[in-house]
Amino acid sequence: MNGIKGVVLLTRFDFIANRYGADTLKSFQRKIEPAEKSLLRQPVVLSKDYPESILKIIDETMLTDFFAGSIEGFRELGYWNAGQILPRYFQLYMDNTDASGFLQQMVRMRPVLFGLGDMQLTAIEQNVFAVHISYGQPFMESIKLSEIGYLEEGCRLCGASNVRCKEIKSTDISIDYQISWD
């Protein structure tokens, strides 16, 4: 997952500030700073690439400090991220209640927004899609869960109801889902 975009890091910081306050975010940043001093001495840039090691430190610290060791907390983070990102980049699909259009645009926007591998989408039938994500190298469970939460909530924000996501197959570098809705 080399080449993680700054927006991935910033949304984690925004989540902490939003849920727990600015003082908690400052404390969190001080906690991760010894491991990644260079990151916090300059502003994080949305479209700049950052190494996976930075995200790993952030996610491991979030897991213990905010999610009480429950990895499922990263799915909640994905839901929250969708609420922040979709109005900025996918408003057309929200306005048109076009969840399938959102997924198709996400395939194109993924390298620009997240920089985390490659996403492919196949329509199986109306409102049923196969999603394949190849990270190109082993990925963290926190990435998988936050991403599926993001896709689920993104579909909901774009008009889908009763969104269901089923993991079909997973390897150490890729994952296949089926996402559907009523």
Side-chain angles (χ1 to χ4, degrees), residues 1-19 22 24-67 71 73-93 102-121 131-154 157 170-177 179:
M1 289 183 296
N2 291 325
I4 293 169
K5 298 295 182 186
V7 70
V8 175
L9 306 177
L10 289 173
T11 56
R12 280 156 166 73
F13 294 156
D14 290 347
F15 175 82
I16 294 166
N18 181 270
R19 291 280 169 97
T24 301
L25 175 60
K26 288 177 189 175
S27 174
F28 176 81
Q29 288 175 326
R30 282 191 300 273
K31 186 181 277 191
I32 64 170
E33 188 174 77
E36 291 297 337
K37 289 180 183 175
S38 64
L39 169 68
L40 299 178
R41 291 190 183 183
Q42 56 187 336
V44 175
V45 180
L46 286 174
S47 61
K48 182 179 175 185
D49 290 336
Y50 293 88
E52 175 190 7
S53 61
I54 294 171
L55 182 61
K56 184 175 182 180
I57 291 165
I58 291 169
D59 282 2
E60 286 173 351
T61 307
M62 286 183 75
L63 181 64
T64 57
D65 288 10
F66 302 110
F67 299 143
I71 196 77
F74 286 97
R75 187 179 289 242
E76 179 185 336
L77 172 68
Y79 297 155
W80 187 86
N81 283 341
Q84 304 305 303
I85 293 172
L86 263 72
R88 293 180 187 162
Y89 300 103
F90 299 94
Q91 187 65 49
L92 175 69
Y93 303 101
F102 157 69
L103 289 174
Q104 292 166 9
Q105 183 67 3
M106 193 58 217
V107 170
R108 294 183 288 273
M109 292 290 293
R110 190 169 202 286
V112 175
L113 286 176
F114 303 128
L116 300 171
D118 177 55
M119 178 177 167
Q120 298 171 359
L121 184 70
V131 178
H132 173 79
I133 299 172
S134 174
Y135 294 97
Q137 66 184 55
F139 59 91
M140 298 179 301
E141 185 77 5
S142 60
I143 290 291
K144 177 183 94 168
L145 290 172
S146 63
E147 184 156 23
I148 196 58
Y150 172 83
L151 293 174
E152 287 173 337
E153 185 66 11
L157 291 171
S170 180
T171 69
D172 64 335
I173 64 169
S174 67
I175 189 143
D176 292 287
Y177 300 104
I179 191 162

Donor-acceptor side-chain pairing of Thr171 and Ser174 below 3.5 angstrom: yes
Identified side-chain contact (heavy atoms from CB on, under 4.5 Å) counterpart of Phe114 within the set Ile85, Ile143, Thr11: Ile85
Derivation of the side chain to side chain contact (heavy atoms under 4.5 Å, CB included) call for Ile133 and Val131: CA-CA 7 Å; Ile133 299 172; Val131 178; 4.0 Å; yes
Rounded distance [0.5 Å steps], CZ in Phe74 versus OG in Ser146: 7.5 Å
Any residue meeting ring pair (Phe, Tyr, Trp, His ring centres under 6.0 Å) with Tyr79, in chain and number order, not counting sequence neighbours: none
Atom of Lys5, atom of Pro111 and distance for their closest heavy-atom approach: CE-O, 3.3 Å
Worked check of side chain to side chain contact (heavy atoms under 4.5 Å, CB included) between Leu157 and Phe90: CA-CA 10 Å; Leu157 291 171; Phe90 299 94; over 6 Å; no
Pair Arg110 + Asp118, salt bridge at N-O below 4.0 Å: no
Value rounded to 0.5 Å, distance of CZ in Arg108 from CG in Leu121: 9.5 Å
Value rounded to 0.5 Å, distance of CG in Asp59 from CD1 in Ile54: 12.0 Å
Test side-chain hydrogen bond (donor to acceptor under 3.5 Å, both in side chains) applied to Tyr135 and Glu147, Lys144, Glu52, the passing residue: Glu147
Full working for side chain to side chain contact (heavy atoms under 4.5 Å, CB included) between Ile4 and Asp49: CA-CA 5 Å; Ile4 293 169; Asp49 290 336; over 6 Å; no
Heavy-atom closest pair, residues Asn81 and Tyr150: C-CD1, 4.1 Å
Inter-residue atom distance Ile16.CD1 - Asp65.CG, 0.5 Å rounding: 8.0 Å
Audit row: His132, Tyr177, side chain to side chain contact (heavy atoms under 4.5 Å, CB included) steps and yes/no: CA-CA 6 Å; His132 173 79; Tyr177 300 104; over 6 Å; no
Contact summary for Phe67 and Gly73, nearest pair of heavy atoms: CZ-O, 3.4 Å
Tyr93 side, atom OH; Met106 side, atom CE - distance, nearest 0.5 Å: 12.0 Å
Closest non-hydrogen atom pair between Val107 and Gln120, with its separation: CG2-C, 4.5 Å
Set of side chain to side chain contact (heavy atoms under 4.5 Å, CB included) partners for Gln91, sequence neighbours left out: Pro87, Met94, Asp95
Aromatic contact, Phe15 with Phe66 (centres under 6.0 Å): no
Nearest non-hydrogen partners of Met119 and Leu151, listed with the distance: CE-CD2, 4.2 Å
Straight-line distance of Met109 CE to Tyr89 OH, nearest 0.5 Å: 7.0 Å
Closest approach of Ser170 to Ile175 (non-hydrogen atoms, all atoms of both residues): OG-CD1, 3.8 Å
Side-chain heavy-atom pair Tyr50, Val8 within 4.5 angstrom cut-off: no
Non-hydrogen side-chain atoms of Pro138 and Ile173 separated by less than 4.5 Å: yes
Beyond-backbone contact of Glu153 with Trp80, side-chain heavy atoms, under 4.5 angstrom: no
Donor-acceptor pair, side chain of Thr64 and main chain of Thr61, under 3.5 angstrom: yes
